[in-house]
Amino acid sequence: MATAAVSLSAAATAPTPPPATTGPTSGQTQVETESGPVTIDDPTPGPAPAKGTGRDPITPDERAAARQVAAGALAAGTGVTGAAGPEYLSTELVDERSDGARRAAFYFYNYTDNTLVKQVVNLKTGKLENSFAAPGIQPPASARESTEAFRLFLASDLSADFKSRYRKATGADITDVTQVLLSTPSYVAAPADQGAQQCGKHRCLQLVPQVPGGVFIDISDIVVDLSGRVVARLK
């Protein structure tokens, strides 16, 4: 009997095991809190869909396939560095027609004849439907155009004052575009402008550089003519 009493006492004081828990299911993740692990919906976005619908943003797969079609149908030309093929600028989803098909417009700049080229591709059929070209239109610059404009500026004698001010602000010499935060608005010459009269017919950019985490260095009187590959000071 004594042995039985000991067994009953041990059973009464034994800790109750915690309830069984299940791990996160698909689309969920588990995080640790002060009160223990908690399962929540996984905030990580899933893979991008291959195709969009309606006014959905153009998917990476759609963009890559359609851009290849748009670029393959371009006439001969050159890009900002002189490489073969007009310079790619941007892409946008264009309004649907009554057929409901999604279409994308791809914009290129041809430095050979200074024209903006617009290629419209049907994202459903994968075919080029329209092509337009016009001079005198200056949309926002691409990243490669911005980089090339700043490179031409740094190689110019007109950059000497800017380099001095950058050295004063940072204590370092500037040799590369990665050392600044750079905006490059397109520039079209006004009738009274002197020094960059071709801008508008030519592809031209102004430079708005900022020291990372610091001041802007004003060089708003400088214009880079990417078509003519010259740097000018406005007068």
Side-chain angles (χ1 to χ4, degrees), residues 67 71 74-92 105-119 132-235:
R67 179 174 167 180
L74 289 169
T78 51
V80 66
T81 63
E87 186 73 20
Y88 169 71
L89 300 181
S90 62
T91 307
E92 66 176 355
F106 292 81
Y107 295 91
F108 301 82
Y109 195 86
N110 188 347
Y111 279 85
T112 298
D113 58 7
N114 285 297
T115 55
L116 179 70
V117 182
K118 177 181 178 181
Q119 304 279 79
F132 310 92
I137 302 175
Q138 302 298 336
S142 69
R144 187 158 64 170
E145 286 179 314
S146 297
T147 297
E148 184 67 7
F150 198 71
R151 189 191 69 78
L152 290 172
F153 169 65
L154 289 182
S156 165
D157 291 341
L158 293 179
S159 67
D161 179 63
F162 167 78
K163 290 176 179 176
S164 176
R165 285 187 284 161
Y166 183 90
R167 188 181 306 111
K168 183 177 180 180
T170 67
D173 291 330
I174 183 165
T175 59
D176 189 77
V177 68
T178 58
Q179 294 172 260
V180 294
L181 303 175
L182 184 66
S183 297
T184 54
S186 300
Y187 178 77
V188 176
D193 286 349
Q194 297 295 316
Q197 296 92 328
Q198 290 298 313
C199 292
K201 295 179 180 178
H202 282 189
R203 182 77 163 145
C204 298
L205 302 179
Q206 288 184 295
L207 307 173
V208 185
Q210 180 187 12
V211 175
V215 299
F216 287 90
I217 300 178
D218 182 14
I219 49 173
S220 56
D221 60 338
I222 298 294
V223 173
V224 180
D225 181 343
L226 289 171
S227 300
R229 303 190 68 75
V230 297
V231 181
R233 189 186 302 279
L234 297 176
K235 301 175 183 179

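- Remark: Q210 engages no residue in a side-chain hydrogen bond (donor to acceptor under 3.5 Å, both in side chains) (not counting sequence neighbours).
- For the atom pair CD of Q179 and CG of D173, the computed distance is 8.5 Å after rounding to the nearest 0.5 Å.
- A heavy-atom distance below 4.5 Å is not found between the side chains of V177 and S146.
- Taking OG1 from T91 and CD from Q119, the interatomic distance works out to 11.5 Å, rounded to the nearest 0.5 Å.
- Listed by first and then second residue, the disulfide bond (SG atoms under 2.5 Å apart) pairs that reach into residues 177-235 are C199-C204, sequence neighbours excluded.
- Put simply, the residue from V117, L116, V188 that forms a side chain to side chain contact (heavy atoms under 4.5 Å, CB included) with I137 is L116.
- Here the shortest heavy-atom pairing between V180 and P212 reads CA-CD, 4.1 Å.
- Here the OG1-CZ distance, from T170 to R165, works out to 13.0 Å after rounding to the nearest 0.5 Å.
- Under the 30°/60° scheme for interplanar angles, the aromatic rings of F106 and Y88 are found to be tilted.
- Residues V223 and D193 fail the side-chain proximity criterion, which asks for heavy atoms closer than 4.5 Å.
- Between Q198 and D225, the shortest heavy-atom contact is CB-OD2, 4.3 Å.
- In terms of heavy atoms, K201 sits closest to Y109 at O-OH, 3.8 Å.
- Counting only distance, with no hydrogens or angles, the side chain of N110 and the backbone of T78 share a donor-acceptor pair below 3.5 Å.
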Side-chain donor-acceptor distances from residues 148-155 under 3.5 Å, at least two apart:
| unit_1 | atom_1 | unit_2 | atom_2 | d |
| --- | --- | --- | --- | --- |
| E148 | OE1 | R151 | NE | 3.2 |
| E148 | OE2 | R151 | NH2 | 2.9 |
| E148 | OE2 | R229 | NH1 | 3.4 |
| E148 | OE2 | R229 | NH2 | 2.4 |

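- Side-chain atoms of L207 and F162, non-hydrogen and from C-beta on, never get closer than 4.5 Å to each other.
- For S220, the side-chain hydrogen bond (donor to acceptor under 3.5 Å, both in side chains) partners are D218, not counting sequence neighbours.
- The shortest distance between side-chain heavy atoms of T184 and Q206 does not fall below 4.5 Å.
- For the pair L158 and A232, the tightest heavy-atom approach, listed with the atom from each and the gap, is CD1-C, 3.9 Å.
- Nearest heavy atoms, R203 versus Y111: CG-OH, 3.1 Å.
- Partners of Y166 according to the side-chain hydrogen bond (donor to acceptor under 3.5 Å, both in side chains) rule, which considers only residues two or more places apart in sequence or in another chain, do not exist here.
- When side chains are defined from C-beta on, E145 counts as touching L226, because their heavy atoms get closer than 4.5 Å.
- For the residue pair P139 and S186, the shortest heavy atom distance occurs at O-OG, 2.7 Å.
- In this structure, the side chain of Q138 engages the main chain of H202 through a donor-acceptor pair within 3.5 Å.
- By the side chain to side chain contact (heavy atoms under 4.5 Å, CB included) test, S183 is found to be paired with V208, residues two or more places apart in sequence or in another chain being considered.
- We find the CG-CD1 distance between L205 and I222 to be 13.5 Å, quoted to the nearest 0.5 Å.
- Taking CG of L181 as the start and CZ of F216 as the end, the distance is 8.0 Å to the nearest 0.5 Å.
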